[in-house]
Trainee: 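My questions will all concern the structure given below.
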There are 2 protein chains.
Amino acid sequence: MALSERKKKILAAVVDEYIKTAEPVSSKAIAETGNLGCSSATIRNELAELVALGYLEQPHTSAGRVPTPAGYRLYVNELMQRQKLSVEESEELNRKLNDRLAVMDTAISDIGKLASQLTNYPALALTSNASVTVRRFDLIYVDANTFIIVALLSNNDVKNKYVHLPVSADRSLVQKLGTLFNASFTGITEDKITSALIAATERAADDTIGLTAVIAAFCIETLNEVNSVTAYVTGENRLLSQPEFRDPDKAHKLMSYLSNGGYVFPETGSEHGEEVRVLIGPENVAEELKDSSVIVASYDAGDNTKGLIGIVGPTRMDYSAVAAKLGMLAAGLSKRLGGGEAPPEGMHNKLIIKGDDRS
Amino acid sequence: MALSERKKKILAAVVDEYIKTAEPVSSKAIAETGNLGCSSATIRNELAELVALGYLEQPHTSAGRVPTPAGYRLYVNELMQRQKLSVEESEELNRKLNDRLAVMDTAISDIGKLASQLTNYPALALTSNASVTVRRFDLIYVDANTFIIVALLSNNDVKNKYVHLPVSADRSLVQKLGTLFNASFTGITEDKITSALIAATERAADDTIGLTAVIAAFCIETLNEVNSVTAYVTGENRLLSQPEFRDPDKAHKLMSYLSNGGYVFPETGSEHGEEVRVLIGPENVAEELKDSSVIVASYDAGDNTKGLIGIVGPTRMDYSAVAAKLGMLAAGLSKRLGGGEAPPEGMHNKLIIKGDDRS
DNA sequence: GTTAGCACTCTCTTCTTTCGAGTGCTAATA
DNA sequence: TATTAGCACTCGAAAGAAGAGAGTGCTAAC
């Protein structure tokens, strides 16, 4: 059953008002603000029906109305006016983003911080790298006991490890291993690094001191680490400024859930573009999030890497503003990091070489 | 004026009890638990004097007593029995520490997490590197537009940067710059890297494409970053489990202060060993910490690097337990990372090459 | 110097009352 | 038929009142 136009307007007004005040919304308040030409009595009738339909609820008989998750869902899907950021706002956002990117190496967690600041909610950020491989190995010989492994990954990330051995290795072994690793360990995913392969390499290099194993272990560890999806959570404390988290126990529960980084994103349905997804209350899988909402935007971080950036807050949340901001942020990130379009002059993957790319 | 033995005993009993219960302590409770052979009436007299001396206070006339910062100070300095961790406890702690160190690269922040878990308070961790320099440069030529800068620092940390240039550089330039940087940029602190030095290097290398500047910038940035003191804060949410932070506003204030990482440690007086310092309430410099306590332990992270690890909590804190744990942790870290004693077999600076060093 | 005894103080809890915002329903109205 | 004014009713929040009890300070006896 489709809702009448007036019901929709009223529902939207309730949600808007509730988002603003965090107090149950009365019929009178709607009559006054939501310029539909009818009295509070009429609105009361409509409200009663909206309750019956499951979009609203009453904390108690003589209280105003509060949106249910279903109500928020309808609001998000159809009713809310997609908020366009003003020119100034989006300019400011872009400037901030640029500032961040200019100094960033730690990338993801920093982006999360930015999102958290912009929205005043806790933010989570993560990248999921489809299948990063090592593109190139370099072994730097420091002294007989010491060398550095440098691995350039397929996503242009560089990882390194300082290795100090209790026994000495001669230069030729290090060199030989460098060649061998570049021949057999590049371009393959972590699961292709079998113990057979390692053993074969060890034999081929005449390695009697176990150096091969060390490098292989580094390789496995690095790929594992890069490919694993870990969420960076920042700004948990911002929860405390929300009225629904004035109860310390409730706040503590959610905050420690977030801090433990166990967050799993539900499968993203579509694969393209900077889609913004909204998960309202019970739509979340995790028990701890059942009465919170999550908004995530995905972006293309280039080289098969997809990034997600999201915020967590009470179900009573300014969905349109947050979605707009996150969308903007994700779009900005895609543009700068993504593979599709050419990156701006003088800039490549997470890295600014020189100059200033602010528009 | 020196306190009588009995007064000391009573004060200690008040603090112990208050730490346990978070409730004002009554004369009766002390008479029962603190086996001094006298009645509650006598204790009341003593308590009144302790209040007059400023070691205790009363929330209101007919309430029990609560320690003042001065009371805690005396307690920490003289009264508390330095808690020895049981053999099992210290073994467990050492095991956990080893587990952490075995997988750690991100070092400091992980140590903080461990401290936070062990104590159930928010923890902060930082290292202050006196004057790290670059020990060795390597430039890895990937292709004409791309190369990797690898810098081995004097603290055995390795930093790298992936660089993609809009113009191409030939191999010989990269090689030449490698030599030049190793000659002039190693062993010097960041402030010694002058623009004159950079210009001279650029000339000497016949660098027309600005590569020298890029490497120098990386160098400056890296040294700056490594030498700058940033505190990693973890476990802020644990504050919420403390009764004194049930007020969300109070909790929020402190938590966002901590999250902003602006924490400055007061000068450490003595320079040697794994000293544990306690800062009680108003002894803290930051306004936000005036009614919290901070306990920090310093450790020697080797190569001129000093590390600090601490926790933040209400003034009502189990000082002896926390101090014991942090001290233990710091000692463990000094032993593993520090320069003094020889590191355990097969292990060098933050890095386990192979094998298992659990005792 | 110590202690029993007791009046006094102050908070905390519980109960009651009051107030008012907001509803649901009914009857009148366009 | 849809809307609205009017009004009784409900329920929570705030304010007050009363009582309980924990703990003190003081006094007088030991």
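Note on naming: letters A, B, ... go to the chains in the order of the sequence lines (proteins, then strands), and numbering restarts at 1 for each one.
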Trainee: First and last nucleotide of DNA chain D in contact with chain B, 5' to 3', at under 4.0 Å to a heavy atom: what are they?
Mentor: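 First and last nucleotides in contact are D:dG23 to D:dG25.
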Trainee: Test: side-chain hydrogen bond (donor to acceptor under 3.5 Å, both in side chains). Region: residues 16-25 of chain B. Which pairs qualify, not counting sequence neighbours?
Mentor: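 Counting only pairs at least two positions apart or across chains, the side-chain hydrogen bond (donor to acceptor under 3.5 Å, both in side chains) contacts touching residues 16-25 of chain B are B:D16-B:Y75.
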Trainee: Can you check the A:E23 CD to C:dG22 P distance for me, whole Å?
Mentor: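 From A:E23 CD to C:dG22 P: 9 Å.
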Trainee: Using the side-chain contact (heavy atoms from CB on, under 4.5 Å) criterion, which residues pair with B:Q58? Sequence neighbours excluded.
Mentor: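 For B:Q58, the residues satisfying side-chain contact (heavy atoms from CB on, under 4.5 Å) (neighbours in sequence not counted) are B:R65.
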Trainee: Who pairs with B:K253 by side-chain contact (heavy atoms from CB on, under 4.5 Å), at least two apart in sequence or on another chain?
Mentor: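 Here no residue qualifies.
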Trainee: Below 3.5 Å is the cut-off: list the nitrogen or oxygen pairs between protein and nucleotides 1-4 of chain C, distance only.
Mentor:
| from | atom 1 | to | atom 2 | distance (Å) |
| --- | --- | --- | --- | --- |
| C:dT2 | OP1 | B:R6 | NH1 | 2.8 |
| C:dT2 | OP2 | B:R6 | NH2 | 2.9 |
| C:dT3 | OP2 | B:S39 | N | 2.8 |
| C:dT3 | OP2 | B:S39 | OG | 3.4 |
| C:dT3 | OP2 | B:T42 | OG1 | 2.3 |
| C:dT3 | O5' | B:S39 | OG | 3.4 |

Trainee: Tell me every residue that passes salt bridge (Lys or Arg N to Asp or Glu O under 4.0 Å) with A:E57, counting only those two or more places apart in sequence or in another chain.
Mentor: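 Checked A:E57 against salt bridge (Lys or Arg N to Asp or Glu O under 4.0 Å); zero matches.
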Trainee: So with a 6.0 Å cut-off around NZ of B:K113, is the heavy-atom count from everything else above 12?
Mentor: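 Open: at most 12 neighbouring heavy atoms sit under 6.0 Å from NZ of B:K113.
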Trainee: The criterion is side-chain hydrogen bond (donor to acceptor under 3.5 Å, both in side chains); which residues satisfy it with A:D247, sequence neighbours excluded?
Mentor: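 Checked A:D247 against side-chain hydrogen bond (donor to acceptor under 3.5 Å, both in side chains); zero matches.
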Trainee: What pairs with B:S116 under side-chain hydrogen bond (donor to acceptor under 3.5 Å, both in side chains), at least two apart in sequence or on another chain?
Mentor: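 Here the qualifying residues are B:R238.
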Trainee: Going by side-chain hydrogen bond (donor to acceptor under 3.5 Å, both in side chains), name the residues that satisfy it together with A:E91, two or more places apart in sequence or in a different chain.
Mentor: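 By the side-chain hydrogen bond (donor to acceptor under 3.5 Å, both in side chains) rule, A:E91 matches no residue at all.
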Trainee: List for me each residue that meets salt bridge (Lys or Arg N to Asp or Glu O under 4.0 Å) alongside B:R73, sequence neighbours excluded, and say none if there are none.
Mentor: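 If we apply the salt bridge (Lys or Arg N to Asp or Glu O under 4.0 Å) test to B:R73, skipping adjacent residues, the hits are B:E283.
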Trainee: Can you give the donor-acceptor pairs under 3.5 Å from side chains of residues 288-296 of chain B to other protein atoms, not counting sequence neighbours?
Mentor:
| from | atom 1 | to | atom 2 | distance (Å) |
| --- | --- | --- | --- | --- |
| B:K290 | NZ | B:P282 | O | 3.3 |
| B:K290 | NZ | B:N284 | O | 2.7 |
| B:S293 | OG | B:Y319 | OH | 2.7 |

Trainee: Expected output is a numbered-order residue list: members of residues 56-66 of chain A with a heavy atom under 4.0 Å from any atom of DNA chain D. What is it?
Mentor: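 The answer is A:H60, A:T61, A:S62.
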